[in-house]
Amino acid sequence: MSPFLLVGMDGVDKEKVQRIVYEMSKGSKYFENEERKEAFIRQKIEHMRARCAKLSATDISHYQKVADKRVAELEARRDLSRTWLHVDMDAFYAAVETLSNPSLKGKPMAVGSMSMISTANYEARKYGVRAAMPGFIARKLCPELIFVPVDFEKYNHYSSLTRKVFQRYDPDFIAASLDEAYLDITEVCRERDLSSDEVVQLLIFFIAKVADELRRSVFEETGLTCSAGVAPNRLLAKVCSDINKPNGQFVLPNDRMAVMTFISSLPIRKVGGIGKVTEHILRDVFGISTCEEMLQKGGCLCALFSRSSADFFLSVGLGLGRTDASQVRVRKSMSNERTFSATEDEVLLYQKLGNWRLSYQNSRIIP
DNA sequence: TACATACAC
DNA sequence: TATGGTGTATGTA
Ligand SMILES: Nc1ccn([C@H]2C[C@H](O)[C@@H](COP(=O)(O)OP(=O)(O)OP(=O)(O)O)O2)c(=O)n1
Ligand SMILES: [Mg+2]
Ligand SMILES: [Mg+2]
Ligand SMILES: [Mg+2]
């Protein structure tokens with residue numbers, strides 16, 4: 001199975017991409033390890049299917065009641081009163097590199113090295129080139145691909161320019177990474193409320209204007225494009241910002257019906273926190289691939305998963321997400337790691353450790 | 001507490 | 001020739 005997300009990019013020859021990634025990977029230590037991990041996951045899936053099959057009729061009705069109760073509790077706490085905007089820069093590192101070297105415009109380009117690519121511009125993505133793909137495979141997919149080395153100082157600089165714009169809309173915005181942020185624009189939109197159909201339409205129009213203006217400001221201040229999603233909570237806003245990427249936006253109104261319709265056909269993988277493994281498990285054990293199906297299979301989920309996992313899945317099925325104000329997050333760790341080629345040479349290993357200590361003993365890293 | 005896994009950018 | 005680095009959350013024992 002390909003480690004790269006192949007959905008979402010139309011016009012890519014997925015078969016060919018998969019074949020080339022496989023051809024280039026097979027036989028490598030990396031590949032063998034991936035296969036080992038996949039075998040574990042298949043085992044875990046088998047185990048869960050067995051547990052599922054062993055549930056008695058009374059078990060099933062019990063867990064269905066548990067699920068119904070939790071769904072009711074979650075539903076009761078639904079908050080449609082806030083408006084969140086998620087903004088995410090388009091092909092961020094690559095776009096910054098194109099600003100400093102405009103001759104790259106229109107050409108397939110990746111930021112990174114032959115070993116690893118941090119991101120690729122949209123021209124390169126047409127060939128199936130992706131973030132977290134080794135450069136030598138990317139070059140097979142797209143022989144004319146241009147490589148640009150990473151330059152974090154530059155990305156930090158442009159990140160802070162974008163944040164100056166975000167601040168004007170929400171001084172307490174949440175920076176999720178260098179290239180994205182969550183803004184509570186409830187107050188910006190406060191101008192009107194109430195909910196006759198006409199007013200709702202007007203409000204959506206007004207929100208779209210706010211998002212559009214924000215994106216124009218970012219472009220004017222930085223020369224970079226971004227995409228935005230607006231929704232009643234952060235989880236949905238993040239999903240929405242991806243819908244019309246790049247250089248686009250999508251507004252999901254603060255309306256329960258609109259949210260349920262939106263969520264019904266949404267593939268679970270689109271949701272933040274659901275990745276390759278969870279997608280695989282939920283599909284192969286429960287036949288779940290859309291958010292709606294999380295609710296339908298709520299009983300089984302409550303029977304087989306921990307409280308916190310089951311609650312998360314159910315809340316995704318309801319289209320719920322966090323709406324609370326940001327709290328100051330305290331750093332919990334600081335780390336520094338490097339991958340080196342496999343060796344059993346003890347002398348070499350101790351030498352590496354020694355160099356490490358010499359480099360970092362005075363850096364006063366306090367977690 | 002220590003360790004492994006999953007996830008995100 | 002070659003498959004990253006940093007940080008968070010959660011489950012298990
Ligand atoms: N596995 C990854 C993913 C991303 N990044 C870096 C490079 C990206 O430019 C930046 C932002 O990540 P995004 O997921 O937002 O991707 P992009 O901004 O590059 O593209 P998109 O237009 O899809 O947002 O983080 C990285 O180093 N490694
Ligand atoms: Mg981005
Ligand atoms: Mg991003
Ligand atoms: Mg996901």
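In what follows, every chain begins at residue 1, and chains take the letters A, B, ... in the order their sequences are listed. Here the structure is a predicted model, which means the values were calculated and not measured.
Comparing C:dT8, C:dG11, C:dT3 by their closest approach to the side chain of A:S115 singles out C:dT3. With distances taken from any side-chain atom of A:K332 to the nucleotides C:dT3, C:dT8, C:dG11, the minimum falls on C:dT8. Between C:dG7, C:dG5, B:dA6, one nucleotide has an atom nearer to the side chain of A:R331 than all others, and that is C:dG7. Taking every side-chain heavy atom of A:S177 into account, B:dC9 is the closest of C:dG7, C:dG11, B:dC9. The side chain of A:S335 sits closest to C:dG7 out of C:dT3, C:dG7, C:dG4. Nearest to the side-chain atoms of A:N336 among the listed nucleotides C:dA2, C:dT3, C:dT6 stands C:dT6. Checking C:dT3, B:dA6, C:dG7 against the side-chain heavy atoms of A:V277 singles out B:dA6 as nearest. For A:F136, whose side chain is taken as the heavy atoms from C-beta onward, the closest listed nucleotide among C:dA2, C:dG7, B:dC9 is C:dA2. Of the candidate nucleotides C:dT3, C:dG7, C:dT6, C:dT6 has the atom lying nearest to any side-chain atom of A:E337. Among C:dG7, C:dT6, C:dT3, the nucleotide with an atom closest to any side-chain atom of A:S333 is C:dG7.
Rounded to an integer number of Å, the gap from OH of A:Y155 to P of C:dT6 is 16 Å. One atom, CD of A:E279, and another, P of B:dA6, lie 14 Å apart when rounded to the nearest Å. Between the C1' atom of C:dT3 and the CE atom of A:M133 lies a distance of 11 Å, rounded to the nearest Å. When the P atom of B:dC9 is taken as reference, atom CG of A:D90 falls 14 Å away, rounded to whole Å. The distance from atom CZ of A:R269 to atom C1' of B:dA8 is 11 Å, rounded to the nearest whole Å. Between the P atom of B:dA8 and the CZ atom of A:R130 lies a distance of 15 Å, rounded to the nearest Å. When the P atom of B:dC7 is taken as reference, atom CD1 of A:I41 falls 8 Å away, rounded to whole Å. Between the P atom of B:dA8 and the CZ atom of A:F312 lies a distance of 9 Å, rounded to the nearest Å.
Across all strands, A:T278 comes closer than 4.0 Å only to sugar-phosphate atoms, never to a base (heavy-atom distances). The residue A:V150 sits apart from the nucleic acid: no heavy atom pair falls under 4.0 Å. Looking at heavy-atom distances under 4.0 Å, A:K238 makes contact with sugar-phosphate atoms alone, never a base. Residue A:R338 is classed as a sugar-phosphate contact, given heavy-atom separations below 4.0 Å to backbone atoms only. Note on A:S341: nothing from the nucleic acid sits closer than 4.0 angstrom, heavy atoms only. A:L178 comes within contact range of no nucleotide atom at all, as no heavy-atom separation falls under 4.0 Å. Using a 4.0 Å heavy-atom criterion, one finds that A:A132 contacts the bases of the nucleic acid, with or without backbone contacts as well. No contact: A:R307 has no heavy atom under 4.0 Å from any strand.
Taking atom P on both nucleotides, B:dA8 is separated from C:dT3 by 23 Å, rounded to a whole Å.
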Problem set entry | Verdict with reasoning, A:S56 to A:T58, per side chain to side chain donor-acceptor pair (under 3.5 Å) | CA-CA 5 Å; A:S56 67; A:T58 45; 2.9 Å; yes

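In this structure, A:S309 and A:S118 both approach DNA chain C, and ranking their closest nucleotides by distance from the 5' end singles out A:S118.
Judged by the 6.0 Å distance and 45° axis criteria, A:K238 is not positioned over the aromatic ring of A:Y182. A:R19 forms no cation-pi arrangement with A:Y22, by the criterion of a distance under 6.0 Å to the ring centre and an angle within 45° of the ring axis.
Of all nucleotides present, only B:dT1 satisfies the Watson-Crick or G-U wobble test against C:dA13, with each distance under 3.5 Å. Nucleotide C:dG4 forms a pair with no other nucleotide shown, judged by Watson-Crick or G-U wobble geometry with both contacts under 3.5 Å.
Defined by atom type and a distance below 3.5 Å, a donor-acceptor pair is present between the side-chain atoms of A:Q64 and A:D68. The closest side-chain donor-acceptor pair between A:T343 and A:D345, if any, does not fall under 3.5 angstrom. A donor-acceptor contact closer than 3.5 angstrom is absent between the side chains of A:S227 and A:D88.
Note on A:S308: a side-chain N or O is less than 4.0 Å away from OP1 or OP2 of C:dG11.
Between A:D179 and the options A:Y93, A:Y158, A:F92, A:Y155, a side-chain contact (heavy atoms from CB on, under 4.5 Å) holds for only A:F92.
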